[in-house]
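Written out below as structure tokens is the structure these notes cover.
Residue numbers start from 1 in every chain, and the chains themselves are labelled A, B, ... in the order their sequence lines are given, proteins ahead of strands. Side chains included, hydrogens not; waters and symmetry mates left out as well; all remaining heavy atoms used.
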Amino acid sequence: METVVRVAVPIPAYRCFDYLAPAGVPLESLLPGVRLSVPFGNRIRVGYLIAVVETPGCEVERLRPAAAVLDAAPLLSETDLKLLRWAARYYHHPLGEVIQSAFPVHLREGGGAELARPSGLVLTPAGAALDPATFRRAPVQRRLFEVLRGRERPLPASRLAELAGSGRTVRDAARRLVERGWAEWVDLQDRRIPAVAGPPLQLNPAQLGAVDEISQNLGRYGVFLLEGVTGSGKTEVYIEVIRRVITRGEQALVLVPEISLTPQLERRLRERIEAPLAVFHSGLSETERAAAWLGFQKGEVGVLLGTRSAVFAPMRWPGVIVLDEEHDRSFKQQEGFRFSARDVAVMRARMADIPLVAGSATPSLESIRNVQRGRYVRLVLPARAGAAVAPRYRVLDIRARRLQDGLSEGLIAAMRDTLAAGDQVLLFLNRRGFAPALVCHGCGWVARCRRCDANLVLHARESRLRCHHCAAEHGLPGCCPSCGQEDLRPLGVGTERVDEALRRLFPEVGVARIDRDSTRGRRSLERMLERVQQGEVGILLGTQMLAKGHHFPGVTLVGILDVDAGFYSTDFRAAEHTAQLIVQVAGRAGRGGKPGTVLLQTRHPDHPLLQRLLRDGYPGFAAAELAERESACLPPFGYQALWRAESKELALSMDFLARLREEADGKNGAVHWLGPAPAPMPRQAGRYRAQLWLKSARREELHAVLTDALARLQETPERRVRWSLDVDPVDFY
DNA sequence: AGCACGCCGACT
DNA sequence: GTCGGCGTGCTC
């Protein structure tokens with residue numbers, strides 16, 4: 001009886017494929033999680049061993065032998081695998097693709113066998129007994145021999161190069177020693193990080209209280225929501241917790257929402273933590289990513305700092321997971337395997353029996369709710385003495401006011417005063433480009449994208465019209481393509497237009513515009529931020545890039561140019577998002593003793609949620625918004641899934657979703673269906689998109705319906721429609 | 001997802 | 001007559 005292995009192949013299919021074990025491979029090495037290369041169709045692919053099975057899922061004659069086992073030992077632990085299986089079930093995504101997402105590309109492609117098993121060099125007993133004089137005519141071997149004799153631990157291969165001028169000669173020398181039986185390579189798999197972490201931090205009582213509470217939970221599951229405004233010292237709490245974790249010989253996984261936030265956190269961690277630290281995000285080369293991942297997997301890296309995709313990186317010695325800016329929506333993957341790194345991290349902490357520390361000045365409503373239900377522990381850091389005083393909010397009613405390129409008189413006057421006092425101003429507008437539309441005053445023609453249901457955005461400096469939803473780009477028409485008149489005018493205001501107006505209004509003041517367009521080049525963001533810190537800039541202007549991470553101590557006035565854009569939207573999370581944005585932007589301002597002022601331009605000064613935010617701050621807003629969500633049975637009080645479809649024709653997409661609904665509707669009264677309906681922007685890049693919304697007060701019921709519908713879809717697939725399923729969607733585009 | 005297979009239109 | 005469009009089925 002030959003051994004049969006079940007393999008998850010990374011294809012969009014909800015089933016596994018069985019193979020005969022490769023010839024000559026002992027049963028003990030067929031462990032769940034090892035990578036295999038398998039013949040698949042007429043190609044060779046990398047798959048992941050799920051189990052050794054008794055009875056294959058198809059006729060024995062159809063089984064083909066796997067080509068090879070790629071790992072001597074699984075790179076994923078059983079807990080890792082358990083987490084991935086949970087994620088595949090929860091997000092209803094094919095297991096092979098889910099497992100694949102845990103690996104860096106280098107390993108997905110079957111590479112990295114030598115990287116996968118880092119080795120160290122040790123002397124064999126025969127070698128240890130040698131007389132150094134043996135190496136009279138081989139100085140490099142002799143040097144290597146002496147280093148090895150002086151060590152208790154194996155010498156990592158990665159450190160060979162330090163021993164001589166050329167890495168090449170040392171490796172040759174090492175090979176000689178091994179060939180003669182005087183030294184051998186040993187696996188460093190179990191080498192544990194040294195439990196040294198550097199001196200403890202000086203913390204204030206609140207920070208110390210938080211650290212102690214978390215520390216008491218080391219080695220146990222627990223979620224700690226660390227709430228504190230910018231400058232309240234959340235980072236020190238993370239660092240001290242990590243320091244203590246490292247001292248226990250355990251590792252820390254630190255997740256941030258965006259690459260741009262890694263450098264500053266990396267610097268602060270390196271200053272304070274002596275254990276090896278690695279960074280993992282998409283800005284690195286594949287080789288660097290693989291090295292960081294493997295270092296963490298083997299337990300040689302003490303701290304892994306990464307973005308969303310790092311949430312699955314295996315930990316040899318799980319200690320703690322830190323989730324910075326936990327409310328940030330970037331933690332949700334928006335294509336393919338649509339997981340929430342925040343939710344996966346929580347489940348991971350639970351499965352690994354370790355604490356998770358989630359920090360934010362503006363926690364997500366989900367997390368606040370979990371505190372209320374007693375699932376998370378809330379730890380509050382008050383603003384530190386000497387740090388920025390809480391900002392004053394003021395509403396600027398701009399109804400019936402003439403705006404100058406998006407700026408009201410009141411705002412301009414306040415800016416004048418602030419600049420005259422030698423302080424800096426920060427303006428926030430979440431719309432890049434010069435103007436969001438170009439219209440003809442003769443006939444009303446509007447520049448539209450040919451492939452999307454969207455206006456083209458005017459980028460005046462480059463004289464281009466761009467679609468912000470696809471790659472379309474055009475030059476500026478000299479006259480109206482519809483009526484021929486030469487009266488095309490920009491309508492609406494983007495950051496580029498405000499930038500231009502500011503240079504006119506404040507010619508002596510330096511302006512820094514920070515958005516995706518102005519920070520395109522490498523290091524250009526860094527350079528701009530440097531200019532701001534050095535005081536060369538009086539006015540900072542930007543999109544949400546400004547709301548994240550960076551602190552501007554010289555800023556005492558913040559202007560939010562268009563509050564309404566956020567509060568009035570079909571997306572039920574828009575208000576939450578906007579409130580977070582306002583508080584986050586406000587938090588960039590102010591310095592010791594000098595309170596910042598936040599001016600909000602709005603045409604709806606009486607909007608109840610805005611009022612609530614200004615009167616009671618974020619906690620008050622959150623309470624009000626939670627009450628609304630509860631009465632509407634929206635998350636976190638109800639569960640949702642969004643089924644999206646996309647095809648060449650709207651009817652095709654709609655019909656596909658209608659079929660899904662018809663086949664399942666009525667079978668489960670606990671699940672409510674909305675749609676199918678065209679997406680808010682039905683046509684994008686020439687494809688027609690529709691969506692079907694599922695809601696339920698009971699998660700299990702929702703998931704049962706999804707499982708059921710997917711099973712039917714497997715039987716009768718629809719090939720002309722590309723679809724995706726989004727569990728716990730955060731965006732409804 | 002790829003890839004082969006197969007069936008219909010417009011071309012050297 | 002064929003080249004190639006893409007709808008369909010399959011991958012252990």
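- With A/Ser340 contributing its side chain and A/Asp343 its backbone, the two residues share a donor-acceptor pair below 3.5 Å.
- Residue A/Pro10 is out of contact with every strand shown, counting any heavy-atom pair closer than 4.0 Å.
- Taking only side-chain atoms of A/Ile11, from C-beta outward, the nucleotide of B/dA1, B/dG2, C/dC12 with the closest atom is B/dA1.
- OP1 and OP2 of C/dC12 both lie 4.0 Å or more from every side-chain N or O belonging to A/Arg45.
- In this pair, A/Phe339 and A/Phe337 present their aromatic rings tilted. The plane angle is within the 30 to 60° band.
- For A/Arg64, a side-chain nitrogen or oxygen approaches OP1 or OP2 of C/dC12 to under 4.0 Å.
- A/Arg720 contributes no side-chain N or O that forms a donor-acceptor pair with the base of C/dG7 under 3.5 Å.
- Looking at A/Gln333, A/Gln691, A/Lys332 one by one, the single match for side chain to side chain donor-acceptor pair (under 3.5 Å) with A/Asp726 turns out to be A/Lys332.
- Here the nucleotide nearest the side chain of A/Cys58, chosen from B/dC3, C/dG7, C/dC12, is C/dC12.
- Because its NZ or CZ atom is not both nearer than 6.0 Å to the ring centre of A/Tyr19 and within 45° of the ring axis, A/Arg64 does not count as a cation-pi partner of that residue.
- Proximity of A/Arg43 to the phosphate of C/dT11: no side-chain N or O atom is located under 4.0 Å from OP1 or OP2.
- The phosphate of B/dG2 (OP1 or OP2) has no side-chain N or O of A/Asn42 nearer than 4.0 angstrom.
- In this structure, A/Phe40 reaches the bases: a heavy-atom distance under 4.0 Å links it to at least one base atom across the strands shown.
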